[in-house]
Amino acid sequence: QQRIAYSGIVLDEESRQKLLSLPIPKDWETIAHHMTITMGPLKDSLAEIYKVGDVMSLTVIALGQDEKAMAVKVKSPGEISDHISFPHITVAIDRVAGGKPLHSNKIPEEKFKPYKNIILSGVVTEVIQ
């Protein structure tokens, strides 16, 4: 049986390209793939807000970076899991410094700067592990 690793809004290619045009440090690995809604499948109140297959818009509101990760904060269409610090999309990570996508959750608030509104679009997806 397939396990659902996480549920998220997976960006379309055009949206991904918008994020990849940000000033990403040279040797970093780019990700710019999705905004996580919750780990595992959608259930309860989240399943009422997010329907698999729905296209949703995300507005970028801030850009942040520390030594391990770079992410954008986004205005999400609704609430997300309490286990995720804030609605965001990991743009890139520095694997050499030990960066992993989950480090986006740990970028300190003061490292975020307001960013001009970029509108992204993606599809609600339950992503198989």
Linking I/L/V/M/F/W/Y whenever their side-chain heavy atoms sit closer than 4.5 Å, directly or via other members, would V72 and I37 fall into one cluster? yes

Does anything in residues 58-74 pair up under side chain to side chain donor-acceptor pair (under 3.5 Å), and if so which pairs, sequence neighbours excluded? K73-E109

Grab the two heavy atoms, one from S104 and one from A69, that are nearest each other, plus how far apart they are. N-CB, 3.9 Å

Within-4.5 Å side-chain heavy-atom neighbours: S121 and M56: no

Heavy atoms of G64 and I107 approach each other most closely as O-CD1, 3.8 Å

Note: with side-chain heavy atoms under 4.5 Å as the link, the other cluster members for I4 come out as I128

I need the I84 CD1 to N105 CG distance, nearest 0.5 Å. 7.0 Å

Does any non-hydrogen side-chain atom of V74 lie less than 4.5 Å from one of I61? no

Test side-chain hydrogen bond (donor to acceptor under 3.5 Å, both in side chains) applied to S15 - qualifying residues, sequence neighbours left out: D12

Nearest heavy-atom neighbours spanning T90 and P101: OG1-O, 3.4 Å

Enumerate the salt bridge (Lys or Arg N to Asp or Glu O under 4.0 Å) contacts for residues 111-129, please, sequence neighbours excluded, ordered by first and then second residue. none

If you link ILVMFWY side chains whenever their heavy atoms are less than 4.5 Å apart, which other residues fall into the same cluster as V55? By chain and number, please. V123

Kindly list each side-chain donor-acceptor pair under 3.5 angstrom involving residues 26-34, sequence neighbours excluded, with atom names and distances?
residue: W28; atom: NE1; partner: D94; partner atom: OD2; Å: 3.4
residue: E29; atom: OE1; partner: R95; partner atom: NE; Å: 2.6
residue: E29; atom: OE2; partner: R95; partner atom: NH2; Å: 3.3
residue: H34; atom: ND1; partner: Y6; partner atom: OH; Å: 3.3
residue: H34; atom: NE2; partner: T36; partner atom: OG1; Å: 3.1

Residue pairs passing the ring pair (Phe, Tyr, Trp, His ring centres under 6.0 Å) test where at least one lies in residues 86-114, sequence neighbours excluded: F86-H88, F86-F112

Distance-only criterion, 3.5 Å: show the donor-acceptor pairs between side-chain atoms of residues 45-54 and protein atoms not counting sequence neighbours.
residue: S45; atom: OG; partner: E79; partner atom: OE2; Å: 3.4
residue: Y50; atom: OH; partner: G78; partner atom: N; Å: 3.3
residue: Y50; atom: OH; partner: G78; partner atom: O; Å: 3.0
residue: Y50; atom: OH; partner: E79; partner atom: O; Å: 3.1
residue: K51; atom: NZ; partner: A47; partner atom: O; Å: 3.0
residue: K51; atom: NZ; partner: E48; partner atom: O; Å: 3.2

Contact between P77 and I9 at the side-chain level, heavy atoms closer than 4.5 Å - yes or no? yes

Interatomic distance, CG@L63 vs CD1@I89, rounded to 0.5 Å, equals 11.5 Å

Evaluate the criterion side chain to side chain contact (heavy atoms under 4.5 Å, CB included) for residue pair L58 and L11; output intermediate values, then yes/no. CA-CA 9 Å; L58 299 167; L11 299 177; 4.3 Å; yes

Are Y115 and I24 connected, step by step, through hydrophobic side chains (Ile, Leu, Val, Met, Phe, Trp, Tyr) whose heavy atoms are closer than 4.5 Å? yes

Does the pair I80 and M35 meet the rule for a side chain to side chain contact (heavy atoms under 4.5 Å, CB included), with working shown? CA-CA 10 Å; I80 61 169; M35 179 199 85; 3.9 Å; yes

Does L19 belong to the same Ile/Leu/Val/Met/Phe/Trp/Tyr cluster as V10, with side-chain heavy atoms less than 4.5 Å apart forming each link? no

Would you say L20 ends up clustered with V60 if hydrophobic residues are merged whenever their side chains have heavy atoms under 4.5 Å apart, either directly or through other cluster members? yes

Under 3.5 Å: donor-acceptor pair, side chain of S7, backbone of G40: yes

Qualifying residues under side-chain hydrogen bond (donor to acceptor under 3.5 Å, both in side chains), relative to E110, sequence neighbours excluded: none

Backbone of T38 reached by a side-chain donor or acceptor of S81 within 3.5 Å: no

E14: which residues meet the salt bridge (charged side-chain N to carboxylate O under 4.0 Å, His left out) condition with it, sequence neighbours left out? none

